[in-house]
Amino acid sequence: MTETQGRGEARRRARGELEGEVLSALWAAGGPVTAAVVQESVPGAAYTTVLTILTRLCDKGLVTRRREGRGHVYAPVDDQAGVVAAGMHSLLDEGGDRAAVLARFVSELSDEDEQLLEQVLHGEPPGRE
């Protein structure tokens, strides 16, 4: 799992980076696509690697697979915001002291993100003053 960098050097992807790239390719596709279509959007990834990642994402419940013709097509179960929110919930569940984790998270928000969070918590549409 390497990809080529500017001077021909190879680097190893960070843990979870390839799954993120595959999900991004699925979101960008806008509908069910084959593994070959996903591979075209993931630089440096072998077809078999993309198939493995798609299978793992199916096993995690993040992607669906449906038989079409002689192969399969894949689609994300949720949009990007939903997947990120689920990941945040998972991290929060693993974080031990929920109050401490949330307090630290909120204390490190930018002023803009803090205002956005306040709007969301008060049921206001984002961007409304």
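Judged by distance alone, with hydrogens and angles left aside, the side-chain atoms of Gln39 form no donor-acceptor pair with the main-chain N or O of Val50 at under 3.5 Å. In this structure, the side chain of Trp27 does not engage the main chain of Val22 through any donor-acceptor pair within 3.5 Å.
Hydrophobic cluster of Leu92: the remaining members, joined at side-chain heavy-atom separations below 4.5 Å, are Val101, Leu102, listed by chain and number. Cluster partners of Val106, by chain and number: Val84, Met88, Phe105, Leu109, Leu117, Leu121. The rule joins Ile, Leu, Val, Met, Phe, Trp and Tyr whenever side-chain heavy atoms lie under 4.5 Å apart.
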- Message: Quick one, Gln115 with Gln119, criterion side chain to side chain contact (heavy atoms under 4.5 Å, CB included). Give me CA distance, side-chain angles, the key distance, then yes/no.
- Response: CA-CA 6 Å; Gln115 289 174 342; Gln119 289 174 339; 5.5 Å; no
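With sequence neighbours excluded, the residues satisfying side-chain contact (heavy atoms from CB on, under 4.5 Å) with Glu94 are Ser90, Leu91. In this view, Asp93 and Arg98 satisfy the salt bridge (Lys or Arg N to Asp or Glu O under 4.0 Å) rule, not counting sequence neighbours. Here Glu108 pairs with Arg104 under the salt bridge (Lys or Arg N to Asp or Glu O under 4.0 Å) rule; sequence neighbours left out.
Listed by first then second residue, pairs satisfying side-chain hydrogen bond (donor to acceptor under 3.5 Å, both in side chains) with a partner in residues 63-76 read Arg66-Glu68, not counting sequence neighbours.
Ala36 and Tyr47 get closest at one heavy-atom pair: N-CE1, 3.6 Å. The shortest non-hydrogen separation linking Ala45 to Leu18 is CB-CD1, 4.3 Å. The two residues Val73 and Pro32 make their nearest non-hydrogen contact at CG2-CB, 3.7 Å.
When side chains are defined from C-beta on, Leu23 counts as touching Val63, because their heavy atoms get closer than 4.5 Å. Counting heavy atoms from C-beta on, the side chains of Lys60 and Glu19 come closer than 4.5 Å.
Tested against Leu62, the residues Val77, Leu57, Asp78, Leu26 include a single side-chain contact (heavy atoms from CB on, under 4.5 Å) partner, Leu57.
Separating the SG atom in Cys58 from the CD1 atom in Ile53 is a distance of 11.5 Å, to the nearest 0.5 Å.
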